[in-house]
Amino acid sequence: MSRNTALRVVSLTQSSGVELNAYLVLDEKPARIDQKLKTLSEYVQQYPSGWKKRLELANLLYAMGRIEQAVEEYRQVIDRQQPLIGVRLQLGKLLQLMGQKAEAVAVYESALANARNEATRQHISGSIALCRDDTQAAILAFESAATLEPDNAAHWLALGQVQMGRGDAVAALRAFDAVLSLNPDDVVALIDSYDASHAVGNVRQAQRRLSKVLEVAPGDFRALKRLADTRCRMRLVSGEEGKQTKQIIGSVLQLAPDAADARELLAYYHVFRGESANGVGVLERFTEEHPNHPRGWYSYGRYLFHTGEYQRAAEAMLKAYRLYPQDCEIYRALCEILPVTSPPAPLDPPQPPLTRGEPEEAKPSNGKGGTPLKVPLFKGDLGGSNPQVTLTSIVEEMLDRFPDRWSVWATAGRVLVESFQEIERGCSVSAKGTQLEPQLPDAWFGYGRVLALAGKHREAVEALAQGWQLLPEEGGYLQSVSAAVWLGESYRGLGDEVASRKWLEKACQFAQELMEFDPAMAGYWQGRALLGLGDVREAVEAYRSALSRRLLYPFRGEVEEAVKRLKGKRRKGDRAKA
């Protein structure tokens with residue numbers, strides 16, 4: 001993408017009525033594009049049997065975000081000129097974006113029948129596998145295409161994006177690096193590489209990739225969005241720095257006024273300035289304007305959760321789930337939100353996977369008899385054919401829908417242990433994440449965290465230490481500090497005070513380094529480490545610092561309770577001394 005290009009964000013309405021965003025590149029100014037559209041439209045009306053100008057028209061309509069019209073023109077081109085493989089691939093891609101997967105497969109298969117190059121055939125096979133939700137087959141096909149044509153960046157990019165989609169950030173980063181070795185200025189690969197670098201914890205590398213994007217394409221929507229998000233997390237929201245952050249968000253909104261993630265940026269800018277009501281208003285208005293946009297409801301639900309409005313957060317996230325149950329992150333968000341909307345009593349443990357569409361009933365408590373336990377229950381048309389949605393049904397359906405994603409197994413394991421006291425099953429489930437991604441630090445940290453919650457501190461130490469060994473030498477501060485705290489707490493659970501102090505002191509050191517990147521979370525982890533070290537006064541100060549930096553819920557609720565409790569202990573201690 002050159003310096004003169006811009007990104008257009010358009011809303012796609014799928015056949016189900018669900019709205020999704022697509023990111024399209026515009027190479028020319030809008031006025032010139034409109035004139036070109038008029039000229040091409042008049043030409044194809046005058047010469048309807050031709051295909052070259054019609055193809056130009058289809059490409060232009062696609063670039064303008066007029067997807068349905070572009071699809072129709074691509075179909076017309078194929079009718080007039082059969083062998084065009086590139087056109088078929090473009091049409092298949094658009095149908096796939098629109099959720100018309102069966103039609104996309106038919107188009108891809110027609111392209112496959114005309115393809116003679118084996119690498120191209122493998123790439124098309126990978127696209128077909130994606131339409132059929134066979135991620136593993138897609139990865140194998142794209143790997144084969146990249147092996148056959150290692151100098152074709154398209155194969156590597158497709159491979160990396162599929163791997164990133166399933167949560168394999170380590171493998172995805174290798175594929176994106178292959179693209180960048182062919183073209184260091186490839187904006188799509190740079191942005192995807194930024195995301196993958198963040199996922200593996202290499203914050204410094206991620207920042208370098210983002211800086212490169214801004215150098216190559218300073219007006220790119222995706223790059224500006226990530227820059228604004230980084231500045232908000234750094235709490236650069238006041239004074240001159242705050243004005244600069246607001247200007248960047250303004251540019252993002254100008255480029256994509258109807259994009260949910262652009263509105264989300266503005267909402268969080270407000271909350272970090274202490275203007276929570278303004279942030280709620282931004283996202284409420286978006287859901288009113290776009291009631292069928294799952295990302296809008298997802299963003300609204302996350303925001304409400306982060307501001308402590310748990311019940312409303314659950315309702316918003318369940319609307320996102322109803323609209324688009326194909327999104328893994330919606331399930332994971334529900335697993336985080338639903339437990340805190342339920343009564344404090346233990347919840348009924350999940351049974352083996354439910355039959356989809358079968359309502360679930362509350363069952364007696366975990367084998368001990370007594371009255372049935374309550375589960376978070378939401379009735380109505382929330383789960384399609386399933387009239388009742390519970391935490392149980394969400395966990396089981398998530399495992400059924402996304403078995404190849406490590407984060408799903410880590411999330412489910414934690415819910416099983418924390419909310420259902422299903423210790424053995426929870427630990428076994430979370431271990432699956434490390435089998436899927438044995439080279440990803442977060443997979444091991446997620447497993448170690450579940451083991452620690454289950455009271456299996458020896459196994460937790462082993463898992464956390466394995467993840468620690470996989471951390472990058474530079475960056476990764478957020479992962480480093482949290483892992484160090486968990487190691488310190490697990491060693492304390494084993495009675496090893498020397499090792500516990502060593503790791504908690506390391507956590508304090510890493511928290512200090514994290515201050516630059518995320519001061520609120522740095523204060524939280526620093527306070528937790530200091531509390532483990534017995535330094536109550538400094539722990540309270542660290543917690544207060546996190547609160548002053550607008551620490552979000554649920555961490556905020558935990559810290560507020562801790563500060564209140566610790567202040568009470570200090571007052572009792574002072575009275576005892578007097």
Side-chain angles (χ1 to χ4, degrees), residues 1-2 4-117 119-121 123-128 130-132 152 154 157-158 188 221 255-259 292:
M1 186 185 290
S2 70
N4 297 320
T5 60
L7 197 80
R8 180 186 182 90
V9 182
V10 298
S11 181
L12 293 175
T13 301
Q14 297 195 333
S15 55
S16 61
V18 173
E19 294 177 44
L20 296 174
N21 286 336
Y23 302 93
L24 308 174
V25 176
L26 287 173
D27 291 307
E28 300 179 63
K29 293 181 179 180
R32 187 171 179 180
I33 288 173
D34 290 339
Q35 181 58 47
K36 192 173 182 179
L37 176 65
K38 181 180 178 183
T39 302
L40 287 170
S41 298
E42 290 174 351
Y43 186 93
V44 297
Q45 286 176 6
Q46 188 174 357
Y47 304 100
S49 61
W51 66 270
K52 289 185 178 178
K53 290 295 182 181
R54 192 175 292 276
L55 177 57
E56 283 188 46
L57 176 61
N59 289 336
L60 184 61
L61 289 167
Y62 167 60
M64 294 177 72
R66 293 161 69 166
I67 304 300
E68 292 181 359
Q69 290 175 266
V71 164
E72 181 56 34
E73 295 300 334
Y74 282 128
R75 289 190 191 277
Q76 295 282 342
V77 171
I78 291 171
D79 287 343
R80 288 160 175 75
Q81 189 72 15
Q82 286 293 323
L84 292 169
I85 293 177
V87 175
R88 293 173 190 273
L89 294 180
Q90 183 76 320
L91 176 58
K93 177 183 175 184
L94 293 184
L95 291 169
Q96 196 174 342
L97 282 172
M98 295 169 69
Q100 299 176 23
K101 293 183 178 181
E103 294 89 335
V105 167
V107 172
Y108 283 137
E109 286 179 338
S110 70
L112 190 61
N114 290 285
R116 297 292 175 263
N117 179 282
T120 301
R121 291 179 60 81
H123 193 112
I124 295 171
S125 297
S127 299
I128 292 172
L130 280 181
C131 290
R132 291 172 172 162
N152 189 331
L157 187 62
V188 175
F221 168 84
L255 286 166
D258 292 324
N292 293 321

Residue set satisfying side-chain contact (heavy atoms from CB on, under 4.5 Å) with Lys93, at least two apart, ordered chain then number -> Tyr62, Gln90, Tyr108

Residues at least two apart in sequence or cross-chain that pass side-chain hydrogen bond (donor to acceptor under 3.5 Å, both in side chains) with Asn114, listed by chain then number, are none

The side-chain hydrogen bond (donor to acceptor under 3.5 Å, both in side chains) partners of Thr120 (sequence neighbours excluded) come to Asn117

Across all chains, not counting sequence neighbours, the side-chain hydrogen bond (donor to acceptor under 3.5 Å, both in side chains) partners of Glu109 are Arg132

Here the salt bridge (Lys or Arg N to Asp or Glu O under 4.0 Å) pairs for residues 56-65, sequence neighbours left out, are Lys53-Glu56

CZ (Arg121) and CZ (Arg116) are apart, to the nearest 0.5 Å, by 7.5 Å

Looking only at heavy atoms, the pair that brings Cys131 and Lys101 closest together is O-CD, 3.2 Å

Sorted by chain and number, sequence neighbours left out, side-chain contact (heavy atoms from CB on, under 4.5 Å) with Glu42 holds for Lys38

By side-chain contact (heavy atoms from CB on, under 4.5 Å), Thr39 pairs with (sequence neighbours left out) Gln35

Hits for side-chain hydrogen bond (donor to acceptor under 3.5 Å, both in side chains) against Ser110, two or more places apart or cross-chain, chain-then-number order -> Arg88

Correct closest heavy-atom pair for Ile85 and Ala115 would be CD1-CA, 3.5 Å

Closest heavy-atom pair, His123 versus Ala158, reported as atoms and distance to 0.1 Å, is CE1-CB, 3.8 Å

Looking only at heavy atoms, the pair that brings Val107 and Gly92 closest together is CG1-N, 3.8 Å

### Task
Check step by step if side-chain contact (heavy atoms from CB on, under 4.5 Å) holds for Leu61 and Leu37.
CA-CA 8 Å; Leu61 289 167; Leu37 176 65; 3.8 Å; yes

Min side-chain heavy-atom separation Glu68-Met98 under 4.5 Å
yes

Side chains of residues 70-79: which donor-acceptor pairs under 3.5 Å do they make with residues two or more places apart or in other chains?
| from | atom 1 | to | atom 2 | distance (Å) |
| --- | --- | --- | --- | --- |
| Glu72 | OE2 | Gln76 | NE2 | 3.1 |
| Glu73 | OE1 | Arg54 | NH1 | 2.8 |
| Tyr74 | OH | Asn59 | OD1 | 2.5 |
| Gln76 | OE1 | Arg80 | NH1 | 2.6 |
| Gln76 | OE1 | Arg80 | NH2 | 3.3 |

